[in-house]
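Remarks on the structure that follows.
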Amino acid sequence: MRVSLKTGLFSCYSTAEGVKIVDYAGWALPMRFSGGIVAEHRAVRSTVGLFDVSHMGRIAVEGSGSTRFVDWLTTNTLPDERRARYSFLCAEDGGCVDDVLVYRFGEESYELVVNAVNRGEVMLRLVECRRILFNEDDRPAVIDRTTESCQIAVQGPRAAEVVSSVCSTDVTTLRNYEVATDVRAAAGRIVISRTGYTGEDGYELFSPLPSGPRLWNGLVAEGRRYGVEPCGLGARDSLRFEAGLPLYGHELDRCTNPVEASLARFVDFTKGEFCGRKALLAAASGGARRKRIGLELVDRGVPRSGDAVYRRGRECGVVTSGGKCHTVGIFAAMAFVPTEGEDEGFEIAVREKLKAARLRSLPFYRRRRE
Amino acid sequence: MNIPEGLTYTRSHEWLRFADRRVYVGITDHAQDSLGDIVYVDLPETNVEVSLGDEIATIESVKAAEPIFAPLSGTIVEVNNDLVETPEKINEDPYATHIFVMEFSDENEKKTLLDHLGYAKAIEENGD
């Protein structure tokens, strides 16, 4: 019998009334709190939600050679110091090993924030690639810092107010994807980035493991007057889906390259050699056979991952993620279909019945920017 | 978990309220809690004859889809059309929100149903 890992914040919410804890990628995490997924989803869109995302892998790459190493491993331009950037770790064939946030703390100091489900695989890849690229006596350090730290996402229109209420510095001036280090918060020192996975404004807070609970409890207490709600994995998924964001294992996997996933803008072909460049360039130059699209159900039903997609009566693709968009109010799907052919006459096989659908551009939801 | 005394139940988490030969059917508090937020109900067709145990409807939540079985043999005479626009009413008030109404054909089949104590025991025994 396998026992789930617990994050440093587990004890803060595990006894909350009505919480439903599940195993996710080997971690015990809340699927939802007592209000339910839809209420949490709406709270993030209208006020602010709090997520324990400590299960994400946090892997430090630092020291001499780090820049060369991370630049070769990832597809996107490296971020400048004190910035983060969305990128991919691809294999030589262009297939996606993981989608990551690359954080840069210094000239030769990085942290990769990776999907929990891929943490082991990514570590193996980093260590193996390092062995090939560097001599043992002159190489960057690769350190899995996941179990030494906590990560909290604060997301929604009032996120800036909530995070400011626990920090001694003004975080409202932090720009999108900017990173602030050594911020004093709730009797500890943390790293903050203006990042998130919900389609709303928000922050991610990184703290050492021992001060995590105090930070979480501080956010709950101070955030109460702004209407902060703790949220679980269910809302995390429905929010990212509505915002058209990919989830590894659905829109991305080892057999899918970023070009097919309609994410070629996160591949920088001008930056010189990187792993997978040749294959990705071929895909981007007209070689990609599939593309990711958004679909809205015209007939009633709930599309789910794995449902077959038809175009003009012929089965041609598959749903990668599907469900109800709780803010926009539609039943929708993200799906792979062939790049060739007309995008019309769509149907999705929902519970073995064909339901008509139409193309809908992604994202399904886009927040209003002031 | 709320299990009202005046209703009858099935092992598959439906409640029944009898009105002569008609019976109103919905799902229990236990069922709606397990499902989570309900986003869609695939209602049964009316004027259709069904047998006890037939799968006749589906309730879909954000995360799952659960079948609804005919608790008795008979004919579906009515469905709750409110559930087309507001399926979440089942979560909000499961015992005030029926899904369909049927006329049952076999009095003897009532013996397969549970009272509120029997249903409470069934949930406990199944560790549901």
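What you are looking at is a predicted structure, and each value in this text was computed from that prediction instead of being measured. Sequence lines set the chain letters: A, B, ... in the order given, protein chains first and strands last, and positions in each chain run from 1. These values consider heavy atoms only, across backbone and side chains, with no hydrogens, waters or symmetry-generated copies.
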- Tell me, for Asp33(B) versus chain A, whether the close heavy atoms (under 4.5 Å) come from the side chain, the backbone, both or neither. both
- Message: Does any part of the side chain of Arg32(A), heavy atoms only, come nearer than 4.5 Å to the side chain of Asp37(B), both counted from C-beta?
- Response: no
- For Glu315(A), does the CD atom have more than 12 heavy-atom neighbours from other residues, nucleotides or ligands under 6.0 Å away? yes
- Query: Does Lys324(A) reach the side chain of Glu60(B), with side-chain heavy atoms less than 4.5 Å apart?
  - Reply: no
- Task: May I ask you to check whether over 12 heavy atoms, not counting those of Glu45(B), lie within 6.0 Å of atom CD?
- Result: no
- Query: For atom NZ of Lys6(A), is the number of surrounding heavy atoms from other residues, nucleotides or ligands below 6.0 Å larger than 12?
  - Reply: no
- Are the side chains of Lys63(B) and Asp237(A) in touch, meaning some heavy atoms are under 4.5 Å apart? yes
- Okay, Ser61(B) and chain A: the region with an atom under 4.5 Å from a heavy atom over there is backbone
- Mark yes when over 12 heavy atoms from residues, nucleotides or ligands other than Glu121(A) sit less than 6.0 Å from its CD; otherwise mark no. no
- Closest non-hydrogen atoms of Val302(A) and Tyr40(B), given as atom of the first, atom of the second and distance, are CG2-CB, 3.5 Å
- Note on the structure: Applying a strict 4.5 Å limit to non-hydrogen atoms, the region of Arg300(A) in contact with chain B is both
- Message: Does Arg366(A), at its CZ atom, have more than 12 non-hydrogen atoms belonging to other residues, nucleotides or ligands within less than 6.0 Å?
- Response: no
